[in-house]
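The structure appears right after this line, and notes come after that.
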Amino acid sequence: FAGPDDMGSILNPDCSAFSRPAECYRPEQPDKLMARAVSNLAEVAGLVADKLPGIPVLIHGYDYASPCGKDFYGLGQWLQYPMDTAKINRGIQQGVVNDLLDSFAEILNEAAKDGKNIHTVNCLGTLKSEEWANELHPIRSGFTKLARKWAPVLQATRLIP
């Protein structure tokens, strides 16, 4: 849901009068986007199960990225820009991002329950605000912290000892 096209498609065009994140979504969103994402994921996991039996599919949602407007070498406008375009008060922009990521984590967990070869890595709440290099990418130490979240799942699926 990051970027003007994707996030713009789920946000109401004028959220200036809204004070809660849930008010900022278009009708049926973000549920419709999340359902499409989990359907695509289930399809990929099914293909892996058919073509590579016994191979696990590891998935993760993300951590609570900060809508700070900072890009990556000129590439960006992932979070703050589309929310500014939708006139979302900056005081609730982090709440919108968190709400979307919480919803995504929930559907990923449901997908893992339904798919025998799907395993989730929970990254929510891992990084502090100063561990983000920009709106989507952590700094080096942040990547290390996120990698530590993967280790138990990699071990449980016997992908590493």
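Within the 4.5 Å cutoff, the side chain of Met83 has heavy atoms near those of the Val96 side chain. When side chains are defined from C-beta on, Cys24 counts as touching Ile92, because their heavy atoms get closer than 4.5 Å. Under the 4.5 Å side-chain criterion, counting only non-hydrogen atoms from C-beta, Leu41 is in contact with Ile59. Between Tyr81 and Met7 the shortest side-chain heavy-atom distance does not fall below 4.5 Å.
Of all the heavy atoms in Phe1 and Leu79, the pair that sits closest is CE1-CD2, 4.4 Å. Tyr25 and Pro30 get closest at one heavy-atom pair: CD1-CD, 3.5 Å. Gln77 and Pro4 make their closest contact through O-CD, 3.3 Å (heavy atoms, listed as atom of the first residue, atom of the second, distance). Contact detail for Gln80 and Gly69: the closest heavy-atom pair is OE1-CA, 3.3 Å. Scanning both residues, Pro21 and Gly95, for their nearest heavy atoms gives CG-C, 3.6 Å. Residue Lys149 comes nearest to Val121 through the heavy atom pair O-CG1, 3.5 Å, listed as atom of the first residue, atom of the second, then distance.
Taking the six-membered ring where tryptophan is involved, the planes of Trp78 and His137 are perpendicular, since the angle between them exceeds 60° and thus also 30°.
Rounding to the nearest 0.5 Å gives a distance of 9.0 Å between CG of Asp63 and CG of Asn98. If you take CD1 on Ile107 and CG on Asp114, they are separated by 11.0 Å, rounding to the nearest 0.5 Å. To the nearest 0.5 Å, the span separating CG on Leu11 from CZ on Phe18 amounts to 11.0 Å. Rounding to the nearest 0.5 angstrom, the gap separating the CG atom in Asp5 from the CD1 atom in Ile10 is 12.0 Å. Taken from CD in Glu43 to CG in Asn40, the straight-line distance is 6.5 Å, to the nearest 0.5 Å. Residue Leu33 holds its CG atom at 8.5 Å from CG of Leu100, rounded to the nearest 0.5 Å.
One hydrophobic cluster holds both Ile118 and Ile55 under the rule that ILVMFWY side chains link at heavy-atom gaps under 4.5 Å. Hydrophobic clustering places Leu159 together with Val153 (ILVMFWY residues linked when any side-chain heavy atoms are closer than 4.5 Å, directly or through intermediates). Hydrophobic clustering keeps Phe143 apart from Trp150 (ILVMFWY residues linked when any side-chain heavy atoms are closer than 4.5 Å, directly or through intermediates). Taken together through direct or relayed side-chain contacts under 4.5 Å among Ile, Leu, Val, Met, Phe, Trp and Tyr, Leu108 and Leu154 form parts of separate hydrophobic clusters.
Applying the salt bridge (charged side-chain N to carboxylate O under 4.0 Å, His left out) criterion to Asp6, with sequence neighbours excluded, gives no partner residue.
For Lys145 (side chain) and Leu127 (main-chain N/O), no donor-acceptor pair under 3.5 Å exists by modelled atom type. In this structure a side-chain-to-backbone donor-acceptor pair under 3.5 Å is present from Gln94 to Ala65. A distance-only check finds a donor-acceptor pair linking the side chain of Asn109 to the backbone of Ala105 [under 3.5 Å].
Shown are Leu146, Leu124, Leu136; of these, the side-chain contact (heavy atoms from CB on, under 4.5 Å) with Tyr62 is made only by Leu136. Between Glu131 and the options Ser141, Ser66, Pro138, a side-chain contact (heavy atoms from CB on, under 4.5 Å) holds for only Ser141.
A donor and an acceptor atom, one from each side chain of Gln93 and Asp84, are located under 3.5 Å apart.
Counting non-hydrogen atoms of neighbouring residues, nucleotides and ligands closer than 6.0 angstrom, the CD atom of Glu28 reaches no more than 12 such neighbours.
The pair Glu23-Arg20 meets the salt-bridge criterion, with a side-chain N (NZ, NE, NH1 or NH2) lying under 4.0 Å from an Asp/Glu carboxylate O.
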